[in-house]
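The model shown is predicted, which means the values in this text are computed figures rather than measured ones. Sequence lines set the chain letters: A, B, ... in the order given, protein chains first and strands last, and positions in each chain run from 1.
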Protein chains: 2
Amino acid sequence: MLKNLPEKTVERLSQYRRVLLNYQFLEHGYIYSHNLARILKTNPANVRRDMMLIGVSGDVHKGYEIGKLIESIGDAIDSEQAEKVCFVGIGELGRTVSEYFSQPSNKLQIAATFHFENHQPVAYSDVPSYNISMISEIIRKEDILICVLAVPKDYAREICMILINSGVIGILNFTSVYLQVPKHVYVENYDMITKLEKIAYFMKRHSVNSRK
Amino acid sequence: MLKNLPEKTVERLSQYRRVLLNYQFLEHGYIYSHNLARILKTNPANVRRDMMLIGVSGDVHKGYEIGKLIESIGDAIDSEQAEKVCFVGIGELGRTVSEYFSQPSNKLQIAATFHFENHQPVAYSDVPSYNISMISEIIRKEDILICVLAVPKDYAREICMILINSGVIGILNFTSVYLQVPKHVYVENYDMITKLEKIAYFMKRHSVNSRK
């Protein structure tokens, strides 16, 4: 918990683990840095550097031991207790990611989803869904620190302030609104429109080039 | 359409435009590179380089003319005709982004959403919602090239193949599955779990440091 890893390393460690979890039931499973690198489209030097940063060394002939690697990554990046996450307005996408949340090794736990009155809540396994008017009450009660925010633009700033006043200190922002937050809050933005415009720009060039 | 801009430039141009659209109704509106840079957390040199790449120069005393800049960005990154986008399984998040899609200047158009039988379709303004069994038929009929894929893990590969066989060449992948696609298909991955694990890792450090 004390060592400060670089942002990119934390992201990659999280990704390595997700790949490795697919292989965790292999007996005596090992994986080489170049295989991990290939799957995640990075280079083997990055993989080896990340492993060094968390104190893991591989066997020259066999690579990294999968079970041990999963454990070491957990030690390096997970909180000691489970972190609670809530979703505001994200609907079915939550269902897609909730599969991963249900793995026992996972330290993130979806504690609540919130929906607007005129929208039917999407119920997924065991996660309670509340009306958005209850945000403050539930976040305090459940001690939720992380929120995925995906609400219409006009509500984004107001709901963001309610979240922060209720104790949230980490926000994954899916709205296109630039959130001004106090210094102690960590925001990660995701901008779907930009990604779609990027895809629209590159796909045709890409498609044409690949057929040359 | 012929010039090939770097990926990061395309992303930033898309973001500049989204910021600028908020100011487009100002009369004689101008903006400086350092203001754009500040809003998007990049540096002014990047902004000026991006502008040079699309042939835009600002006024030393006033900065860039907002209306003209929006136009030039459109000329540089938009397709000539509107691109159709569909959402598979993304539910309410689509509603959040659909606000932007409805702006007249936008060249992306949500043409369809697809849902699983046991899920109530989320109807948002004028976008037809179909059962997932109709993917192939609708994508061909509507000539949809871009798809946002957010389905449960077990369906991801199969649906991806159906999309590609139906003519999709650009995919924004929200599943945690690594998609193996033919060379002519452009995939952009988004990995929410990784972002959440990153937030969980940094928020407490961040929160503590900011209070020092």
Side-chain angles (χ1 to χ4, degrees), chain A residues 4-5 7 10-11 14-15 18-19 39 77-79 83 85 89-93 95-97 99-100 107-108 119-120 122 145-146 148 150-153 169-172 174-176 178 183-186 188 190-207 210-211, chain B residues 4-5 7 10-11 14-15 18-19 39 77-79 83 85 89-93 95-97 99-100 107-108 119-120 122 145-146 148 150-153 169-172 174-176 178 183-186 188 190-207 210-211:
Chain A
N4 267 315
L5 299 168
E7 292 204 3
V10 173
E11 287 199 10
S14 162
Q15 290 169 329
R18 300 261 300 299
V19 169
I39 296 171
I77 69 170
D78 289 340
S79 319
E83 293 297 348
V85 179
I90 202 153
E92 281 184 58
L93 188 58
R95 205 168 59 95
T96 302
V97 292
E99 291 173 342
Y100 175 77
K107 290 283 182 161
L108 297 171
H119 280 269
Q120 197 61 22
V122 178
L145 297 181
I146 304 175
V148 180
V151 297
K153 205 168 141 179
I169 57 171
I171 297 176
L172 179 54
F174 269 87
T175 77
S176 60
Y178 173 71
K183 262 195 211 156
H184 73 280
V185 178
Y186 185 88
E188 173 92 19
Y190 182 69
D191 188 338
M192 189 187 295
I193 301 293
T194 289
K195 297 300 177 190
L196 287 174
E197 291 189 334
K198 182 181 167 192
I199 290 172
Y201 180 85
F202 283 108
M203 65 180 184
K204 286 187 180 166
R205 291 165 172 76
H206 186 75
S207 194
S210 75
R211 279 170 177 151
Chain B
N4 268 315
L5 299 168
E7 292 204 1
V10 173
E11 287 198 10
S14 163
Q15 290 169 329
R18 300 259 300 297
V19 168
I39 296 171
I77 68 170
D78 288 340
S79 319
E83 294 296 348
V85 179
I90 203 152
E92 279 184 58
L93 187 59
R95 204 167 61 95
T96 301
V97 293
E99 291 172 341
Y100 175 77
K107 290 283 181 161
L108 296 170
H119 281 268
Q120 198 60 24
V122 178
L145 296 182
I146 303 175
V148 180
V151 297
K153 204 170 144 182
I169 57 171
I171 297 175
L172 179 54
F174 269 88
T175 77
S176 61
Y178 172 71
K183 262 194 209 156
H184 73 280
V185 178
Y186 186 88
E188 174 92 18
Y190 183 69
D191 188 339
M192 188 188 294
I193 301 290
T194 289
K195 297 300 177 191
L196 287 174
E197 291 189 334
K198 182 180 168 191
I199 290 171
Y201 179 86
F202 283 107
M203 65 181 185
K204 286 187 178 165
R205 291 165 172 74
H206 186 75
S207 193
S210 76
R211 279 170 177 153

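With rounding to the nearest 0.5 angstrom, the NZ atom of A/Lys198 is 12.0 Å from the CD1 atom of B/Ile77. With rounding to the nearest 0.5 angstrom, the CE atom of B/Met203 is 4.5 Å from the CD1 atom of A/Ile169.
Among residues two or more places apart in sequence or in another chain, the ring-ring contact (aromatic ring centres under 6.0 Å, His included) test is passed with B/Phe202 by A/Tyr186.
Contact annotation for B/Ile171: only backbone heavy atoms (N, CA, C, O) come within less than 4.5 Å of a heavy atom of chain A. If you measure heavy-atom distances from B/Val185 to chain A, the contacts under 4.5 Å come from the backbone alone.
In this structure, the side chain of A/Tyr201 engages the main chain of B/Leu5 through a donor-acceptor pair within 3.5 Å.
The side-chain heavy atoms of A/Lys195 and B/Glu11, taken from C-beta on, include a pair separated by under 4.5 Å.
Here the closest non-hydrogen pair linking B/Gly170 and A/Ile199 is CA-CG2, 3.6 Å.
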